[in-house]
Amino acid sequence: MDLMNLRVVALGHSSAGKSSYLAAMFSHLARGRKGFRLVAADRLIAEELTAAGGRLRKGFYPPPSSRRTDLKAELRYGRGELLGFDWTDYRGGALTGSAADDPETARLLERLTHADAVVVFADAHRLATDPESHDEVRRTVVLLHRAVDGQGPPLPIVLAYTKADLVTDPADWARARAAMAPLEELVADGGRVRGTAVALSCGPSPRGVAVPVLWCLSTLLTHRAQEAQGRLATAEGFVKDLRKEANGIDSLVSWFKGVESAAKRLTYWEEELRERTEELAGLRRPARRLARLLEREQRGTAPPAGAPARAAAR
């Protein structure tokens with residue numbers, strides 16, 4: 001089975017907490033969770049993120065970054081490689097630039113059209129207290145619609161409310177979620193989107209840091225398992241039909257006509273059936289375990305109520 005690759009694009013303006021999240025998430029998943037472990041391709045990057053995660057747990061936060069951050073890794077299950085993981089975090093200015101004038105903005109737009117998942121970071125405290133931040137949400141809505149357009153399978157989208165531990169007043173949460181209502185409605189729309197929302201804290205008491213990545217990985221793995229089930233059903237159908245046709249008379253007639261016999265086609269589809277059975281067996285168990293791990297990590301991470309009911313993430 002070919003190693004699947006999940007290409008995640010992280011969107012968020014400066015100071016939204018993307019750098020803190022990446023360090024907290026990696027240090028959390030690199031230690032291993034229920035048989036799953038994230039392993040970075042670059043050892044030095046892994047050490048940097050692990051060290052930054054340790055500083056976060058002591059209350060030391062990284063400064064806002066003005067550069068794009070890339071992480072290439074693998075999600076491993078047990079001793080095997082399960083999924084490739086490609087995380088790209090674009091600087092805040094790329095969200096407001098022009099593709100014609102800013103190469104980084106142009107790269108972001110191109111990457112979004114090929115993304116397998118998108119994580120949108122929003123500073124919950126800033127949304128609740130700074131009306132200017134609402135303009136940034138509108139720009140992100142435009143970008144996300146571009147990412148969704150033309151997508152085949154459902155696109156995983158996670159709305160990550162960062163610095164959630166700083167927002168304690170329900171009225172502030174109501175303002176923050178009202179500002180994000182256009183994005184929450186897109187996420188809740190279903191159809192081409194498979195979305196959720198999560199309240200994140202990345203400091204000494206981390207909360208929800210694994211949810212965005214696990215949501216994206218679980219959605220991809222479940223979709224891949226469903227595709228494998230479809231290929232298996234197709235192979236089973238061909239094998240069943242060809243076993244009825246494969247006989248001596250068919251072989252003789254096929255030889256006379258110079259066409260492939262049912263017996264030869266049966267050999268091909270029996271091998272295809274064997275491969276598809278092995279493929280599905282290799283996907284089904286980790287897909288179920290990953291879904292259970294996601295459910296466990298999601299407990300208590302839903303953003304407090306405040307947005308209209310129709311904007312609640314599914």
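Here the structure is a predicted model, which means the values were calculated and not measured.
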Using side-chain contact (heavy atoms from CB on, under 4.5 Å), reason through Leu159 and Val198 one step at a time and then give a plain yes or no. CA-CA 6 Å; Leu159 304 186; Val198 57; over 6 Å; no
Apply side-chain contact (heavy atoms from CB on, under 4.5 Å) to residues Cys202 and Thr162 and explain how you reach the verdict. CA-CA 8 Å; Cys202 298; Thr162 59; 5.9 Å; no
Determine, step by step, whether Cys216 and Asp116 satisfy the side-chain contact (heavy atoms from CB on, under 4.5 Å) criterion, reporting the C-alpha distance in whole Å, the side-chain angles of both residues, the deciding distance to 0.1 Å, and the verdict. CA-CA 8 Å; Cys216 298; Asp116 298 309; over 6 Å; no
Given ring-ring contact (aromatic ring centres under 6.0 Å, His included), test Trp173 with Tyr161 step by step and report yes or no. CA-CA 10 Å; Trp173 270 112; Tyr161 288 91; 5.7 Å; yes
Check step by step if side-chain contact (heavy atoms from CB on, under 4.5 Å) holds for Thr277 and Leu232. CA-CA 6 Å; Thr277 300; Leu232 176 62; 3.4 Å; yes
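A continuous path of ILVMFWY side-chain contacts below 4.5 Å connects Leu242 to Val239, so both sit in one hydrophobic cluster. In the hydrophobic clustering of ILVMFWY residues, with side-chain heavy atoms under 4.5 Å counting as a link, Leu273 and Leu283 come out apart. Following chains of ILVMFWY side-chain contacts shorter than 4.5 Å, one can reach Tyr268 starting from Leu266, so the two form part of one hydrophobic cluster. Under a hydrophobic clustering in which Ile, Leu, Val, Met, Phe, Trp and Tyr are joined whenever their side-chain heavy atoms come within less than 4.5 Å, directly or via other members, Leu214 and Val39 fall into different clusters. Cluster annotation: Leu56 and Trp87 are assigned to distinct hydrophobic clusters (Ile/Leu/Val/Met/Phe/Trp/Tyr, side-chain heavy-atom contacts under 4.5 Å, transitive).
Residues Asp250 and Asn247 meet the side-chain proximity criterion, which asks for heavy atoms closer than 4.5 Å. Under the 4.5 Å side-chain criterion, counting only non-hydrogen atoms from C-beta, Asp172 is not in contact with His125. For the pair Leu29/Phe36, no side-chain contact is recorded, criterion being any heavy-atom separation below 4.5 Å from C-beta on. Between Leu11 and Val119 the shortest side-chain heavy-atom distance does not fall below 4.5 Å. Counting heavy atoms from C-beta on, the side chains of Leu221 and Leu82 come closer than 4.5 Å. Two residues are said to be in side-chain contact when any heavy atoms from C-beta on lie closer than 4.5 Å; Pro212 and Leu200 meet this criterion. Side-chain contact between Asn5 and Leu83 is absent, with no heavy-atom pair separated by less than 4.5 Å. Side-chain contact between Arg177 and Pro303: present, with at least one pair of heavy atoms (C-beta onward) separated by less than 4.5 Å.
If you take CG on Asp70 and CG on Asp89, they are separated by 8.5 Å, rounding to the nearest 0.5 Å. Between atom CG of residue Leu294 and atom CZ of residue Arg289 there is a gap of 14.0 Å, rounded to the nearest 0.5 Å. To the nearest 0.5 Å, the span separating CG on Leu220 from OG1 on Thr222 amounts to 8.5 Å. One distance of note links OG1 of Thr196 with CD1 of Ile157; it measures 11.5 Å at 0.5 Å rounding. To the nearest 0.5 Å, atom CZ of residue Arg292 and atom CZ of residue Arg296 are 12.0 Å apart. Atom CZ of Arg231 sits about 9.5 Å away from atom CG of Leu280, to the nearest 0.5 Å.
Of the candidates Asp130, Asp123, Thr129, Asp130 is the only one forming a side chain to side chain donor-acceptor pair (under 3.5 Å) with Arg126.
Judged by distance alone, the side chain of Ser20 and the main-chain N or O of Gly17 form no donor-acceptor pair under 3.5 Å. The main-chain N or O of Trp215 is never found under 3.5 Å from a side-chain atom of Ser218 such that the two would form a donor-acceptor pair. Not a single donor-acceptor pair under 3.5 Å links the side chain of Ser205 to the backbone N or O of Ser201. Judged by distance alone, with hydrogens and angles left aside, the side-chain atoms of Lys72 form no donor-acceptor pair with the main-chain N or O of Asp42 at under 3.5 Å.
Contact check on Asp86 versus Arg7 returns no salt bridge, with no Lys/Arg side-chain nitrogen under 4.0 Å from an Asp/Glu carboxylate oxygen. For Glu270 and Arg243, the salt-bridge test passes: some basic side-chain N is under 4.0 Å from an acidic carboxylate O. At a threshold of 4.0 Å, the pair Glu279-Arg224 counts as salt-bridged, since one of the basic side-chain nitrogens sits closer than that to a carboxylate oxygen. Using a 4.0 Å cut-off between charged nitrogen and carboxylate oxygen, Lys240 and Glu236 do not count as a salt-bridge pair. A salt bridge links Glu297 with Arg33: the closest approach of a Lys/Arg side-chain nitrogen to an acidic carboxylate oxygen falls below 4.0 angstrom. One finds a salt bridge joining Glu278 and Arg274 here, because a Lys/Arg side-chain nitrogen approaches an Asp/Glu carboxylate oxygen to under 4.0 Å.
Ala179 and Pro182 make their closest contact through O-CD, 3.6 Å (heavy atoms, listed as atom of the first residue, atom of the second, distance). The heavy-atom pair separating Ser15 from Lys163 by the smallest distance is O-NZ, 2.7 Å. Summarising the geometry of Ser254 relative to Ala262, their closest heavy-atom pair is OG-N, 4.5 Å, with the distance given to 0.1 Å. Of all the heavy atoms in Ala124 and Ala176, the pair that sits closest is O-CB, 3.7 Å. Here the closest heavy-atom approach between residue Ser27 and residue Ala24 is recorded as OG-O, 3.1 Å. The minimum heavy-atom distance between Ala164 and Arg207, with the atom names listed, is CB-NH2, 3.5 Å.
Within a 6.0 Å radius of CZ in Arg31, other residues, nucleotides and ligands contribute more than 12 heavy atoms. Within 6.0 Å of the CG atom in Leu44, the count of heavy atoms belonging to other residues, nucleotides or ligands exceeds 12.
The aromatic rings of Tyr21 and Phe121 are tilted relative to each other, their planes meeting at an angle between 30° and 60°.
Side chain to side chain, Arg37 and Tyr77 fail the donor-acceptor criterion of an N or O pair below 3.5 Å. Using a 3.5 Å distance cut-off with no hydrogens or angles, the side chains of Arg111 and Thr88 do pair a donor with an acceptor. Between the side chains of Arg284 and Gln229, at least one donor N or O lies within less than 3.5 Å of an accepting N or O. No side-chain N or O of Arg55 forms a donor-acceptor pair with one of Tyr61 less than 3.5 Å apart.
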